[in-house]
Amino acid sequence: MKKQYLSLASLVVAILVAGCATGPSPADLDKITADVVKNSFRDQGLVKVSVLAPEDINTACTAAEVAGKPIDPDLANALQEAQLKTIKWPADGNYLGDWKKGEALAQNGRGMTWTDDAKTANGGNCYNCHQFDPKEISFGNIGPSLTGYGKTRGVIADPTSAASKAIIEYTWGKIWNSRAYNACSVMPRAVHKGIITEAQAKDLMALLLDPKSPVNQ
Ligand code: HEC
């Protein structure tokens, strides 16, 4: 706490000193801000300061947001291309795990905080933004409802068609790294960022695409 006050005080002094000359440039302000962040946070438990390291895609999306404009489409495409390359496709060609485990995982928002135990698997936190099982009454709506996902996209009726294959691959990619398809998506890059494992992604795939899953009743 004390350290944070000191950092803020030094920021104010730095701005005042810089202000006496020609005024701080945006680059100076960026450096001052980066120093404040560096001096104010430390690794604690699972949470590492390295999560604050700037990433091209975040810098670009934040710049667009600050400017109040959508991201430039060519830039978005280039960023998505790079994200797409991070996706690993199942080596055995098998995309579907156990929908029951998937449902529990979608419900579970545990993990990623400094008090969590690294040995316990994280939850997917999917219900926080999406509807899945229509019987579940507690869900968020930041993302679209995924109730009926496999059915409405034709995967249940004809799982081996080329169209179904494309949906299955897109769904896998979306869960692995959502920003491969929408550069500035707010959906977490679940497998890419190590939030969930590849096996857990298969269970979520089953929740969305298994004919027996409550999502497809
Ligand atoms: C913070 C909110 C948020 C969370 C958490 C979240 N999503 Fe999403 N998701 C979205 C949004 C918003 C979209 C649609 C637009 C986009 O891609 O940004 C989306 C899109 C999707 C789509 C594509 C839907 C379509 O019709 O194209 C799938 C599949 C999906 N999410 C699955 C999941 C799964 C599985 C989880 C849990 C691991 C999850 N989401 C967690 C916000 C979220």
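Read the numbers this way: they start at 1 and go in the same order the structure lists the ligands and their atoms.
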Taking [X] first and then [Y], would you say they form a salt bridge - that is, a charged N and a carboxylate O separated by under 4.0 Å?
{"X": "Glu55", "Y": "Arg179", "value": "no"}
{"X": "Glu103", "Y": "Lys135", "value": "no"}
{"X": "Glu81", "Y": "Lys85", "value": "no"}
{"X": "Lys202", "Y": "Asp92", "value": "yes"}

Are Phe132 and Tyr127 near enough that their ring centres are under 6.0 Å apart?
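For Phe132 and Tyr127, the ring centres are under 6.0 Å apart.
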
Near [X], which atoms of ligand 1 are under 4.0 Å from a heavy atom of that residue?
{"X": "Val186", "value": "1 (C), 12 (C)"}
{"X": "Gly124", "value": "37 (C), 38 (C)"}
{"X": "Asn125", "value": "5 (C)"}
{"X": "Leu204", "value": "38 (C)"}

For ligand 1, find out whether one of its N or O atoms is nearer than 3.5 Å to an N or O atom of Tyr170.
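Yes; the residue has a nitrogen or oxygen that sits under 3.5 Å from a nitrogen or oxygen of the ligand.
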
So, is Arg153 polar-close to ligand 1, with some N/O to N/O distance under 3.5 Å?
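Such a contact does occur with ligand 1.
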
What part of Asn128, side chain, backbone, both or neither, has a heavy atom within less than 4.0 angstrom of ligand 1?
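Neither; nothing of Asn128 gets under 4.0 Å from ligand 1.
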
Answer whether the closest heavy-atom distance between the side chains of Met112 and Asn122 falls below 4.5 Å.
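Result yes, sub-4.5 Å side-chain heavy-atom pair found.
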
If we ignore angles and hydrogens, is there a donor and acceptor under 3.5 Å between the side chains of [X] and [Y]?
{"X": "Ser164", "Y": "Asp158", "answer": "no"}
{"X": "Tyr149", "Y": "Ser213", "answer": "no"}
{"X": "Thr59", "Y": "Asp56", "answer": "no"}

Tell me the disulfide bond (SG atoms under 2.5 Å apart) pairs involving residues 142-217, sequence neighbours left out?
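The answer is Cys61-Cys184.
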
Atom 15 (C) of ligand 1: nearest protein contact (heavy atom, Å):
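Residue, atom and distance for the closest contact: Asn182 ND2, 4.0 Å.
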
Close to atom 8 (Fe) of ligand 1, meaning under 2.8 Å, how many protein N, O or S atoms are there?
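My tally for this metal is 2.
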
May I ask which of Ile142, Asn122, Leu208 has a heavy atom nearer to atom 12 (C) of ligand 1 than the others do?
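Nearest option to atom 12 (C) of ligand 1, by heavy atoms: Ile142.
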
